Amino acid sequence: MLEIFFVIGFFLMLLLTGISVLGILAALAVGTFIMMFAGLFVMALKLLPWLLLALVVAWIWRAVKPPQLPRY
């Protein structure tokens, strides 16, 4: 949601300063690209503790569970 506010505000400020439409579109494309990857990076950092917890639980589950013999 913050990315949309950034893009709208960025667009309006560029319009107010009198930059050409081509410059506005190029700046919007670059800003959107940077904000998209920054959001993905932050989301990965927020999910990292849960991913590590899932790895630890799976590791403990495999260590505690006895190995199964093949039935063929």
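Everything quoted here is computed from the prediction, not taken from an experiment.
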Hphob cluster co-occupancy, Trp50 + Val57, side-chain heavy atoms under 4.5 angstrom: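 Same cluster: Trp50 reaches Val57 through Ile, Leu, Val, Met, Phe, Trp or Tyr contacts under 4.5 Å.
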Verify same cluster id: Leu55, Ile60 (apolar side-chain graph, 4.5 Å):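 No.
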Does any part of the side chain of Leu52, heavy atoms only, come nearer than 4.5 Å to the side chain of Val56, both counted from C-beta?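 Contact flag for Val56/Leu52 side chains = no.
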Could I get the full list of side chain to side chain contact (heavy atoms under 4.5 Å, CB included) partners for Phe41, not counting sequence neighbours?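 Listed in chain order: Leu45.
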Look up atom CG in Leu47 and atom CG in Leu53, then write down how far apart they are to the nearest 0.5 Å.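 Spacing of CG (Leu47) from CG (Leu53) equals 12.5 Å.
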